[in-house]
Number of protein chains: 2
Amino acid sequence: MQVAAVCEPRHDAPRSSHVVPIHVVPRTAATRYAVPRCSTCAMRAICMPPELTSDELSRLDTLICSTRSIKRGDALYRAGDAFQSIYAIRAGSFKTVVMHRDGREHVTGFQIAGDSLGFDGIGEGKQNCDAIALEDSVVCIIPFAQLEAICREMKPMQHHIYQMMSSEIVRESSQMMLLGTMSAEQRVATFLLNLSKRFKARGFSAAEFHLRMTREEIGCFLGMKLETVSRMFSKFQRERLVKANGKTIRIEDAEGLARV
Amino acid sequence: MQVAAVCEPRHDAPRSSHVVPIHVVPRTAATRYAVPRCSTCAMRAICMPPELTSDELSRLDTLICSTRSIKRGDALYRAGDAFQSIYAIRAGSFKTVVMHRDGREHVTGFQIAGDSLGFDGIGEGKQNCDAIALEDSVVCIIPFAQLEAICREMKPMQHHIYQMMSSEIVRESSQMMLLGTMSAEQRVATFLLNLSKRFKARGFSAAEFHLRMTREEIGCFLGMKLETVSRMFSKFQRERLVKANGKTIRIEDAEGLARV
DNA sequence: CGTTGATTTGATAACAGTCAAGTTCCGTGG
DNA sequence: CCACGGAACTTGACTGTTATCAAATCAACG
């Protein structure tokens with residue numbers, strides 16, 4: 001898994017009732033080159049409803065029949081492309097970028113391994129944003145028509161898709177609240193804590209991780225200029241809340257960061 | 001229809017391929033007090049996929065077995081309430097409000113007749129925000145478990161629900177872009193044009209309408225203070241783009257407003 | 001090991017927030 | 001129907017946060 005090179009996997013992964021820990025898949029030829037299989041995927045706990053029978057799982061294996069590798073900086077899809085598939089990130093990370101007609105860009109989200117991409121394309125039948133790889137990445141391709149067919153037959157899967165889309169709506173609501181009500185300082189603090197939480201949920205260190213995005217991309221996501229992002233990192237460093245060494249972030253005082 | 005008192009219905013409603021015009025339902029006892037029926041609902045074109053057979057439509061009538069009236073200022077639901085149903089607004093309007101733990105509030109959206117509410121509750125199994133009526137309103141109650149069952153059997157309905165949820169994601173992306181990249185002036189202009197478009201799609205005047213929300217609520221939605229909203233209205237008035245008389249808005253120069 | 005893009009930091013400017021005062025609107029009750 | 005009171009709105013003066021512009025430093029990569 002590429003992501004393993006980015007963030008040290010933790011073997012004392014949390015075992016809360018919500019987050020089923022993932023296990024690092026050995027880098028055997030099978031996991032790297034064979035037909036992808038949900039039944040053996042490390043991200044299954046994040047991608048799939050937990051209550052599937054092994055029978056149902058093997059049916060899903062027939063759904064996802066291909067993966068795709070995207071080089072850093074390349075687009076998985078572009079706004080306006082015909083919508084056909086949902087994507088699940090196997091390894092790597094992406095940003096989603098919407099563009100206004102006047103050329104203004106805005107980053108609507110950062111997605112890491114285990115996250116999904118493309119739900120915003122269903123409504124119009126075409127992609128609503130660009131999905132750009134922040135590092136060399138691999139996605140599972142999930143043809144949406146087939147997914148719909150499966151959802152008509154497998155109730156847990158149907159519900160799971162509704163839940164994923166609903167969670168996306170909730171996530172975006174939180175981001176609107178962040179953009180609408182928080183100071184630059186609070187936005188950056190919230191951003192770091194959110195990343196930390198997501199890495200932790202995937203079994204990586206919550207305290208130390210590498211940012212795959214630039215200050216400019218962070219600023220574009222948080223509604224501020226890159227200089228302001230940089231200043232906030234420096235400020236947190238002075239206050240001993242985080243240690244920021246370029247793209248390496250170490251959260252030294254999560255509680256303090258949350259109080260900002 | 002309550003909304004008719006607010007915005008004059010237009011009988012020369014647009015007939016684009018996307019927006020099927022709605023017809024104003026006569027205020028008979030049947031439409032006001034009888035069991036609600038999708039098959040005769042004025043909002044059907046907005047709520048429902050267009051290609052349903054009359055057979056399928058009458059099946060839907062069994063799904064929506066009740067409506068609910070909400071007085072101005074009252075909540076349809078509150079954040080934390082158990083999620084059970086989706087709501088379709090028959091008449092009136094709402095705001096959805098998310099609250100941060102520190103008490104900070106943010107308005108995530110304004111919904112008018114024909115819009116739906118509650119999709120953000122599916123993910124967690126509980127409501128994510130408060131839905132507050134901006135005027136006396138009526139909603140159709142759509143039990144979600146039943147809706148899911150119908151979606152497993154009726155492909156067009158299944159797809160329609162995915163489309164509605166996806167559109168909600170897209171709408172929120174646009175709002176994030178607005179909050180993240182636009183000046184106060186542009187935000188208010190965009191807000192007015194968006195409302196105008198939605199009224200037009202429902203057969204009301206695109207040029208003149210009544211705001212059901214306060215300046216404070218608008219500000220809370222657009223990420224600015226109520227004084228700033230007021231100043232922008234005054235500015236647009238000076239520039240002859242808009243005539244704002246309290247809550248009555250007349251858009252005098254839509255192109256000019258779009259250029260802001 | 002140089003070139004280029006990314007990041008940091010400082011100085012200044014602009015936009016929106018805050019505080020305050022006055023006005024208008026609207027619902028309620030007489 | 002009118003008068004009253006409170007909420008909503010407008011406007012002005014001042015303040016503060018963040019943007020802008022600029023320059024220096026750092027880091028990645030061919």
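In the text below, chain A, chain B and the rest are named by the order of the sequence lines, each starting its count at 1. Because the structure is predicted, anything quoted here is derived from the model rather than measured.
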**OP:** Report yes if at least one side-chain N or O of A:Thr228 is closer than 4.0 Å to OP1 or OP2 of D:dA19; otherwise report no.
**Re:** yes
Subject >> Set of residues satisfying side-chain contact (heavy atoms from CB on, under 4.5 Å) with respect to A:Glu217, sequence neighbours excluded >> reply: A:Lys95, A:Phe110, A:Leu134, A:Met213, A:Thr214
**OP:** Grab the NZ-C1' distance between B:Lys235 and D:dT10 for me, whole Å please.
**Re:** 17 Å
Original post:
Would A:Gln111 and A:Arg198 count as having a side-chain donor-acceptor pair, cut-off 3.5 Å?
Top reply: no
Original post:
Does B:Glu252 CD have over 12 foreign heavy atoms under 6.0 Å away?
Top reply: yes
Subject >> Gap between atoms CZ and C1', on B:Arg72 and C:dT28 respectively (whole Å) >> reply: 13 Å
**OP:** Apply side-chain hydrogen bond (donor to acceptor under 3.5 Å, both in side chains) to the pair B:Glu172 and A:Ser173, showing each step before the final yes or no.
**Re:** CA-CA 7 Å; B:Glu172 291 194 345; A:Ser173 293; 3.2 Å; yes
**OP:** Kindly assign one of parallel, tilted or perpendicular to the pair B:Phe204 and B:Phe199, based on the angle between their ring planes and the thresholds 30° and 60°.
**Re:** perpendicular
Subject >> Phosphate-side-chain proximity, A:Ser234 and C:dT8, N/O vs OP1/OP2 below 4.0 Å >> reply: no
Are any protein N/O atoms closer than 3.5 Å to N/O atoms in nucleotides 2-8 of chain D? If there are, list each pair with its distance.
none

Original post:
Side chain of B:Asn245: nearest nucleotide among D:dA27, C:dC25, C:dA16?
Top reply: C:dC25
Find every protein N or O atom lying less than 3.5 Å from an N or O atom of nucleotides 20-22 of chain C, and list the pairs.
none

**OP:** Check the distance between C:dC15's C1' and A:Lys225's NZ and give it to me in whole angstrom.
**Re:** 13 Å
Original post:
Does C:dT9 have OP1 or OP2 sitting under 4.0 Å from an N or O in the side chain of A:Arg238?
Top reply: no
Original post:
To the nearest Å, how far apart are A:Phe236 CZ and C:dT7 C1'?
Top reply: 17 Å
Original post:
Does the side chain of A:Gln175 come within less than 4.5 Å of A:Leu222's, by heavy atoms?
Top reply: yes
**OP:** Compute the centroid of each ring, for B:Tyr87 and then for B:Phe94, and state whether the two points are separated by less than 6.0 Å.
**Re:** no
Subject >> Distance, rounded to the nearest Å, where A:Asp136 contributes CG and D:dC29 contributes P >> reply: 11 Å
Original post:
Given atom CE of A:Met182 and atom C1' of D:dT18, what is their separation to the nearest angstrom?
Top reply: 17 Å
Original post:
Does B:Val260 reach the side chain of B:Phe236, with side-chain heavy atoms less than 4.5 Å apart?
Top reply: yes
**OP:** Starting at atom CZ of B:Arg231, determine the distance to atom P of D:dA13, rounded to an integer number of angstrom.
**Re:** 11 Å
**OP:** Measure the distance from CG on B:Leu222 to C1' on C:dC15 and round it to the nearest whole Å.
**Re:** 16 Å
Subject >> Non-hydrogen side-chain atoms of A:Leu241 and A:Ile251 separated by less than 4.5 Å >> reply: no
Subject >> Nucleotide of C:dT9, C:dT7, D:dC9 approaching A:Leu226 most closely (side-chain heavy atoms) >> reply: C:dT7
